[in-house]
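Chain identifiers are assigned alphabetically (A, B, ...) following the order of the sequence lines, protein sequences preceding nucleic acid strands; residue numbering begins at 1 within each chain.
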Number of protein chains: 2
Amino acid sequence: MTAAAGQFTIGEAARASGVKVPTIRYYEEIGLLPSPPRTEGGRRSYGGEDLRRLAFIRHARELGFEIEAIRTLLRLQDEPDQSCAAADAIARDHLVAVERRIASLTALRAELARMVEGCSHGHVSECRVIEILADHGECRHHHGGRLDAAGGL
Amino acid sequence: MTAAAGQFTIGEAARASGVKVPTIRYYEEIGLLPSPPRTEGGRRSYGGEDLRRLAFIRHARELGFEIEAIRTLLRLQDEPDQSCAAADAIARDHLVAVERRIASLTALRAELARMVEGCSHGHVSECRVIEILADHGECRHHHGGRLDAAGGL
DNA sequence: CCTAATTCCTCCAGCGACTAGAGGAGCAAG
DNA sequence: CTTGCTCCTCTAGTCGCTGGAGGAATTAGG
């Protein structure tokens, strides 16, 4: 460790924040994280403020905020005299989106549960799972849009 | 209409199934939907079986099944004498994933609700929303992975 | 001081599941 | 015959990363 106190390598920043190294570089590339100074050898050298920013980003991503929303939130954070109405609006919008998502996933769960329960574990020709998928009319699930299958956690 | 009865253009297939035209071509490209015969002029001509397959795919996508899972389900559907254990397993796995997702979104909703409620609508410097995002320690949300913000419906 | 292991650098490609646009051909109706 | 719609192919872009190649720099051990 030749570096000054309070300076961190990208690897240390990654371990401290829980954001992977390539992701940190990606955040820099898209301008979400400022380009840090470099050491003589050309390596990124982060300070405490950068780590805080990174933690902020990580937490916001965990909460499902999009990069563009986070960009706005970070700008707001940098200007503490401004009204926080904008931050409030972003959070509120997101809350509404999350609620819609929960509602649709709950409907989905019900349909999947019915599929699985109805399955008699015999042949495909009499399988509820296949049957319900083949015939939308048979289910109570009406027309949400698409859901991502896997998604986070 | 010069085409034989029971034959449909890609546009008609799209309207009938609710899958967009470019998406149908995409499904063909990735081998999810068989390449249909073409008319003299080179246009795709779909039959009733294709429409049924497309409806199956659409429904499964609405239910959040991934393309690869759908590919497996379609193969199963084509062999009605096989055991449906595989289909059952896919649906069960997906149900578990959906349940996990609901649980994490519910935790998320709670945190977002606390953020929004705590906001005093004053300046950014004392905004709960910004504050909670900046300090993970302040919240009860512990370490799920990432969630997609928008996603389906 | 030398070496080996680790970490870092840049650049480019790929994921999933589409979506959008360019540029052109076919085809049905007026 | 022209208008306007649909269709064709092909390419590139979306979002938020993730991974690999190929090489330089640093660190730890001997």
Side-chain angles (χ1 to χ4, degrees), chain A residues 1-4 7-33 35-46 54 57-71 94 97 145-153, chain B residues 1-3 7-33 35-46 54 57-72 94 97 145-153:
Chain A
M1 258 174 227
T2 327
Q7 296 309 123
F8 308 92
T9 67
I10 197 169
E12 287 160 354
R15 278 186 292 278
S17 66
V19 178
K20 288 184 196 157
V21 169
T23 305
I24 295 177
R25 287 198 278 248
Y26 168 73
Y27 287 160
E28 181 182 334
E29 193 187 307
I30 63 169
L32 205 57
L33 200 62
S35 300
R38 303 288 183 117
T39 66
E40 259 182 71
R43 281 143 187 241
R44 291 169 177 83
S45 175
Y46 295 97
L54 212 39
I57 295 169
R58 198 217 166 175
H59 191 193
R61 284 297 298 138
E62 265 172 20
L63 290 177
F65 288 93
E66 289 171 13
I67 297 287
E68 284 315 303
I70 295 174
R71 206 187 286 280
H94 188 48
R146 264 116 242 252
L147 254 346
D148 287 349
L153 64 146
Chain B
M1 258 175 229
T2 327
Q7 296 310 121
F8 308 91
T9 67
I10 197 169
E12 286 161 354
R15 277 186 293 276
S17 66
V19 178
K20 289 185 197 156
V21 168
T23 305
I24 296 176
R25 287 196 279 247
Y26 167 72
Y27 287 159
E28 181 182 334
E29 193 188 307
I30 63 170
L32 203 59
L33 202 62
S35 300
R38 303 286 183 120
T39 65
E40 259 182 71
R43 279 138 188 248
R44 290 171 179 83
S45 174
Y46 295 97
L54 212 38
I57 295 169
R58 198 218 166 175
H59 193 193
R61 284 298 296 136
E62 267 172 18
L63 290 177
F65 287 94
E66 288 170 16
I67 297 288
E68 283 317 301
I70 296 172
R71 205 187 289 279
T72 304
H94 188 50
R146 267 112 238 258
L147 255 344
D148 288 350
L153 64 144

Below 3.5 Å between N/O atoms, which protein atoms pair up with nucleotides 5-12 of chain D? Just atom names and distances, please.
| unit_1 | atom_1 | unit_2 | atom_2 | d |
| --- | --- | --- | --- | --- |
| D:dT6 | O2 | B:Arg43 | NH2 | 3.1 |
| D:dC7 | OP1 | B:Thr9 | OG1 | 2.9 |
| D:dC7 | OP1 | B:Gly11 | N | 2.7 |
| D:dC8 | OP1 | B:Arg44 | N | 3.0 |
| D:dC8 | OP1 | B:Arg44 | NH1 | 2.8 |
| D:dC8 | OP2 | B:Arg25 | NH1 | 2.3 |
| D:dC8 | OP2 | B:Arg44 | NH1 | 3.4 |
| D:dC8 | O5' | B:Arg44 | NH1 | 3.4 |
| D:dC8 | O3' | B:Arg38 | NH1 | 3.4 |
| D:dT9 | OP1 | B:Arg38 | NH1 | 3.3 |
| D:dT9 | OP1 | B:Arg38 | NH2 | 3.0 |
| D:dT9 | OP2 | B:Arg44 | NH1 | 3.0 |
| D:dT9 | OP2 | B:Arg44 | NH2 | 2.9 |

Review point. Rounding to a whole Å, what distance do you find between A:Glu28:CD and C:dC8:P?
Key: 14 Å

**Study point:** Distance, rounded to the nearest Å, where A:Lys20 contributes NZ and C:dC9 contributes C1'
**Key:** 19 Å

Review point. Want to settle it: does A:Tyr26 or A:Thr39 sit nearer the 5' end of DNA chain D, counting the closest nucleotide to each?
Key: A:Tyr26

Point to revise | Length of the CD1-C1' vector between A:Ile67 and D:dT14, whole Å | key: 14 Å

Exercise for review: Look up atom CG in A:Leu54 and atom CG in A:Leu33, then write down how far apart they are to the nearest 0.5 Å.
Suggested key: 5.5 Å

Review point. If you measure from OH on A:Tyr27 to CD1 on A:Ile70, what distance do you get to the nearest 0.5 Å?
Key: 6.5 Å

Practice item. State which residues pass salt bridge (charged side-chain N to carboxylate O under 4.0 Å, His left out) with B:Arg71; sequence neighbours excluded, sorted by chain then number. Key: B:Glu68

Point to revise | salt bridge (charged side-chain N to carboxylate O under 4.0 Å, His left out) contacts touching residues 14-27 of chain B (sequence neighbours left out) | key: none

Check your understanding: Which range-with-range stems can be found for DNA chain C when each stem has 3 or more Watson-Crick or G-U pairs in a row and both distances sit under 3.5 Å?
Key -> C:1-30 with D:1-30

Practice item. Would you please name every residue forming a side chain to side chain contact (heavy atoms under 4.5 Å, CB included) with B:Glu28, sequence neighbours left out? Key: B:Ser35, B:Pro36, B:Arg38, B:Arg44, B:Tyr46

Practice item. Rounded off to whole Å, could you give me the OH-to-C1' distance for the A:Tyr27 and D:dC15 pair? Key: 11 Å

Point to revise | Rounded distance in Å - CD (A:Gln7) to P (C:dC8) | key: 15 Å

Check your understanding: Are any of the side-chain heavy atoms of B:Arg58 and B:Arg61 separated by less than 4.5 Å?
Key -> no

Exercise for review: Find the distance B:Glu62:CD to C:dC18:P and express it as a whole number of Å.
Suggested key: 11 Å

Revision key, fill the gap. Atom CG of A:Leu32 and atom P of D:dC15 are separated, to the nearest Å, by 14 Å

Review point. C:dT7 P sits how many Å from A:Phe8 CZ, rounded?
Key: 18 Å

Check your understanding: CD1/A:Ile10 to OG1/A:Thr23 distance, rounded to the nearest 0.5 angstrom?
Key -> 9.5 Å

Exercise for review: Give the C-alpha distance, both sets of side-chain angles, the deciding distance and a yes or no for side-chain contact (heavy atoms from CB on, under 4.5 Å) between A:Ile57 and A:Val19.
Suggested key: CA-CA 9 Å; A:Ile57 295 169; A:Val19 178; over 6 Å; no

**Study point:** B:Glu66 side-chain proximity, nearest of C:dC18, C:dA17, C:dT19
**Key:** C:dA17

Review point. Sub-3.5 Å donor-acceptor pair from the side chain of B:His94 to the main-chain atoms of B:Ala69, do we have one?
Key: no

